[in-house]
2 protein chains.
Amino acid sequence: MATLQDVAVAAGVSPATASRALSAPDSVSMERRHRVLEAADRLGYRPNRSAQALASGRSRHLGLILPDLANPFFATVAKGVQAQARGTRRAVLVADTDEDVRAEREVIEDLQPGVDGMLLCSPRIGEDEIREIAASGPVVIVNREVEGLASVSFDVASGVRAALEHLRALGHTRIAYVGGPATSWSDARRRAALGEVAGLDIVDIGGQRPVHQGGVAAADLVIAARATAVLAYNDLVALGVMSRLRARGLSVPEDVSVVGFDDIPAASYVSPALTTVALPLTRAGHEATTLLDGLDDAVDPPTLRLPVELVVRDSTGPARP
Amino acid sequence: MATLQDVAVAAGVSPATASRALSAPDSVSMERRHRVLEAADRLGYRPNRSAQALASGRSRHLGLILPDLANPFFATVAKGVQAQARGTRRAVLVADTDEDVRAEREVIEDLQPGVDGMLLCSPRIGEDEIREIAASGPVVIVNREVEGLASVSFDVASGVRAALEHLRALGHTRIAYVGGPATSWSDARRRAALGEVAGLDIVDIGGQRPVHQGGVAAADLVIAARATAVLAYNDLVALGVMSRLRARGLSVPEDVSVVGFDDIPAASYVSPALTTVALPLTRAGHEATTLLDGLDDAVDPPTLRLPVELVVRDSTGPARP
DNA sequence: ACCAAAACGGCAAGCGCTTACCAAAATGAA
DNA sequence: TTCATTTTGGTAAGCGCTTGCCGTTTTGGT
């Protein structure tokens with residue numbers, strides 16, 4: 001494997017010049033730059049990333065920590081991060097914590113020293129722990145907010161409000177909220193917004209795992225609560241609720257209306273198509289990555305709260321009179 | 001930030017001993033090891049990954065290249081890789097090529113120098129290119145086979161056979177195959193197996209993008225072809241076909257039976273639940289990662305072909321008499 | 001033609017760690 | 001007790017690159 005040294009020799013310049021020719025093109029005369037580029041090309045030179053990282057103190061690696069890669073929510077964010085990072089030729093270290101707090105701590109600890117910055121997606125760990133992490137390296141939080149730290153989140157409150165108003169307009173008054181993990185910041189945000197629409201009777205169906213099965217499990221509670229509509233923590237849960245409602249002989253939206261959260265692809269291609277609060281997931285990935293870059297020269301840590309949008313499809317309809 | 005040097009001084013040993021105490025525990029006496037560990041802990045020592053990598057020549061990073069993170073197929077494989085890699089405390093660099101051949105080439109080129117090995121998931125590039133890549137570093141291919149290289153793939157032929165036999169048993173004789181990307185190796189494998197079941201009239205509906213919309217687009221061709229059953233390239237496409245069939249007023253499975261491939265989560269929670277050929281995706285991720293580790297001491301590159309299983313659900317039924 | 005300023009490029013010192021290689025210490029057999 | 005053998009730990013040489021510093025060349029103003 002050819003080293004920069006070899007390239008320099010081949011081009012008849014010093015290693016310093018070779019280095020500059022490759023990384024700071026205009027600090028070297030055109031002629032020499034060409035000589036170096038040509039030599040590098042001819043020798044098939046590939047920079048040694050570890051050496052670059054060690055010497056420069058920057059690895060050009062980003063760490064992305066998320067609870068579950070198989071969850072389309074996170075996969076989509078990851079895709080956004082990816083795309084943005086590749087634009088600046090940086091690589092993304094992805095770690096899946098399996099929704100496990102302990103694994104999360106461990107993996108963050110593990111990854112942090114090797115990256116230039118971390119993206120914490122829906123972290124389940126405590127605020128103080130997050131602060132500690134942020135103290136030892138650039139960090140942007142996604143889908144959660146921590147006072148004093150950079151974050152990209154969604155305006156879920158207005159999403160919840162829009163969903164509830166939609167349901168109220170359809171004549172629903174008794175609405176079940178099927179929640180997510182108890183440790184989830186965004187579940188807390190949704191809950192907090194539940195009271196903001198007047199004239200509604202909200203039944204809170206405790207925290208489920210934020211997956212299809214969680215919704216299945218909750219559906220019977222929804223039925224027992226005699227709610228005519230349900231707002232779910234996310235689309236996966238909403239889909240689970242719908243499955244089970246159907247299995248119990250109820251039809252959506254005739255008997256029960258269902259609203260999800262996230263707008264994952266599956267939401268639009270199940271039947272009935274799911275009414276849901278769409279979150280700009282890919283964009284969140286983009287923004288978070290961009291934020292990470294500007295962190296040092298930022299005076300105070302920027303907080304982005306991205307707008308959401310209620311997408312009305314076929315899973316919601318007028319309440320039975 | 002404390003360095004190994006600092007730790008060594010604090011523990012009253014040489015840097016070499018400190019290094020060994022941390023990475024080769026039993027090449028150092030218990031007493032000194034404790035001194036080092038204690039000092040490291042006290043100083044909050046975190047090894048510098050770049051330095052370790054540079055000095056040892058191993059980055060403890062794996063590269064995972066895949067066409068689309070938002071596709072549950074790949075996300076699931078990625079999850080398997082993740083889990084396995086974390087077991088051996090290695091990090092995974094994930095790169096999403098967006099189903100684009102050029103991006104794929106570029107990103108592989110980019111990532112390879114920084115990793116100890118690469119996992120190429122459903123690569124779309126040419127065989128010769130793959131060989132070239134494999135020549136400059138350990139590589140395992142997932143969901144494709146290249147003569148002479150290590151790979152983990154699925155026994156799709158037997159899956160196709162099982163699906164076709166299932167359909168034939170239900171009385172279907174005219175069956176549409178809705179294919180995937182033309183450049184896809186696994187689409188070619190599926191196609192190759194189509195002829196293996198006798199007495200069937202197979203209509204080939206050309207290659208679609210392997211996503212929901214691809215299936216939607218193909219559905220009308222299926223109808224026009226007067227097939228009573230369709231086998232789709234994957235579940236996403238199958239789901240797309242089903243949506244559109246329904247929109248066209250046909251019901252599944254009464255009018256048309258649909259079989260997918262992969263068994264992604266959505267397959268089981270749509271209605272009607274999708275009959276599909278289940279692939280052990282997470283396991284593929286595991287196996288591929290494990291294979292990568294053993295590559296050097298392998299005589300000839302191992303090729304795993306994992307078994308698949310037809311999961312019969314509600315999207316297939318008897319043909320109309 | 002001469003000098004100041006600007007542009008360019010080389011030297012060399014690391015970045016923080018690993019790992020031969022070898023010396024010293026400890027162990028055990030004789 | 002002595003010598004051969006094994007264990008243990010120190011010395012030092014890098015791994016391949018970046019970058020601050022400074023001398024040299026070029027440029028252009030007069």
Side-chain angles (χ1 to χ4, degrees), chain A residues 1-40 43-61 89-91 110 112-116 136-137, chain B residues 1-40 43-61 89-91 110 112-116 136-137:
Chain A
M1 191 83 272
T3 73
L4 225 213
Q5 190 66 248
D6 301 334
V7 173
V9 170
V13 300
S14 79
T17 304
S19 172
R20 290 196 263 257
L22 295 171
S23 51
D26 25 49
S27 69
V28 141
S29 68
M30 224 184 24
E31 192 247 332
R32 281 171 189 246
R33 171 152 35 110
H34 272 110
R35 286 230 303 277
V36 171
L37 259 34
E38 187 274 331
L43 300 182
Y45 169 69
R46 313 265 289 267
N48 179 316
R49 301 317 176 91
S50 315
Q52 289 185 311
L54 178 58
S56 69
R58 280 163 278 111
S59 64
R60 304 190 68 75
H61 285 357
R89 301 189 82 76
R90 283 168 313 168
D110 235 53
Q112 191 168 30
V115 302
D116 292 344
S136 51
Chain B
M1 192 83 271
T3 72
L4 224 213
Q5 190 66 245
D6 302 333
V7 173
V9 171
V13 301
S14 78
T17 304
S19 173
R20 290 195 267 255
L22 294 172
S23 52
D26 26 49
S27 69
V28 140
S29 69
M30 223 186 19
E31 192 248 331
R32 286 177 186 245
R33 171 153 34 110
H34 271 108
R35 287 230 303 276
V36 171
L37 260 34
E38 187 274 331
L43 300 182
Y45 169 69
R46 312 264 290 264
N48 178 318
R49 300 316 175 93
S50 315
Q52 289 185 311
L54 179 57
S56 69
R58 280 164 279 109
S59 64
R60 304 189 67 75
H61 284 357
R89 301 189 81 78
R90 283 169 314 169
D110 234 53
Q112 192 169 29
V115 302
D116 291 344
S136 53

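Residue numbers begin at 1 in each chain, while the letters A, B, ... track the order of the sequences.
For B:D6 and C:dG16, the CG to C1' distance is 10 Å, given to the nearest whole Å. If you take CZ of B:R60 and P of C:dC17, they are 15 Å apart, rounded to a whole angstrom. Protein atom CG of A:L22 is 13 Å distant from nucleotide atom P of D:dT19, rounded to whole Å. Atom CD in B:Q5 sits roughly 12 Å away from atom P in C:dT18 (whole-Å rounding). Computed from coordinates, the A:L54 CG to D:dG16 C1' distance equals 9 Å when rounded to whole Å. If you measure from atom CG of B:N48 to atom C1' of C:dG16, you get 6 Å, rounded to the nearest angstrom. Rounded to an integer number of Å, the gap from CE of B:M30 to P of D:dT7 is 17 Å. Distance A:L4 CG to D:dC15 P: 14 Å, rounded to the nearest Å.
Taking each heavy atom of B:G57 and B:D116 in turn, the nearest pair found is O-OD1, 4.4 Å. The minimum heavy-atom distance linking A:P113 with B:P47 is given by the pair CB-O, 3.9 Å. In plain terms, the two heavy atoms of A:G114 and A:H61 that are nearest each other are O-CB, 3.9 Å. Residues B:S136 and B:Q112 come closest through the heavy atom pair OG-OE1, 3.3 Å. Taking all atoms of both residues into account, the shortest heavy-atom contact from A:V28 to A:R33 is CG1-N, 3.5 Å. The two atoms that bring A:R35 and A:A11 nearest to each other are NE-O, 3.0 Å, heavy atoms only.
Map A:S56 and B:A55 each onto its nearest nucleotide of DNA chain D; the residue landing nearer the 5' end is B:A55.
A side-chain hydrogen bond (donor to acceptor under 3.5 Å, both in side chains) check over residues 18-30 of chain A, counting only residues at least two apart or in different chains, returns nothing.
Counting non-hydrogen atoms of neighbouring residues, nucleotides and ligands closer than 6.0 angstrom, the CE atom of B:M30 reaches no more than 12 such neighbours.
One axis for each end of the helix from C:dA1-D:dT30 to C:dA30-D:dT1, each built from five base pairs, and the angle between them comes to 30° at 10° resolution.
A salt bridge (Lys or Arg N to Asp or Glu O under 4.0 Å) with A:D110 holds for exactly one of B:R89, B:R60, B:R46; it is B:R89.
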Between N or O atoms, less than 3.5 Å apart, protein on one side and nucleotides 8-10 of chain C on the other: list the pairs.
| unit_1 | atom_1 | unit_2 | atom_2 | d |
| --- | --- | --- | --- | --- |
| C:dG9 | OP1 | A:S29 | OG | 3.0 |
| C:dG9 | OP1 | A:R32 | NE | 2.6 |
| C:dG9 | OP2 | A:S29 | N | 2.8 |
| C:dG10 | OP1 | A:R32 | NH1 | 2.9 |
| C:dG10 | OP2 | A:S14 | N | 3.2 |
| C:dG10 | OP2 | A:S14 | OG | 2.9 |
| C:dG10 | OP2 | A:T17 | OG1 | 2.1 |
| C:dG10 | N7 | A:R20 | NH2 | 2.9 |
| C:dG10 | O6 | A:R20 | NH1 | 3.4 |
| C:dG10 | O6 | A:R20 | NH2 | 2.5 |

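Base engagement by A:S19 is indicated by at least one non-hydrogen atom pair under 4.0 Å involving a base atom. If you check every strand for non-hydrogen atoms under 4.0 Å, A:R33 touches nothing.
A close approach under 4.0 Å does not occur between any side-chain nitrogen or oxygen of B:R46 and OP1 or OP2 of C:dC17. Between A:R49 and D:dT18 there is no side-chain N or O to OP1 or OP2 distance below 4.0 Å.
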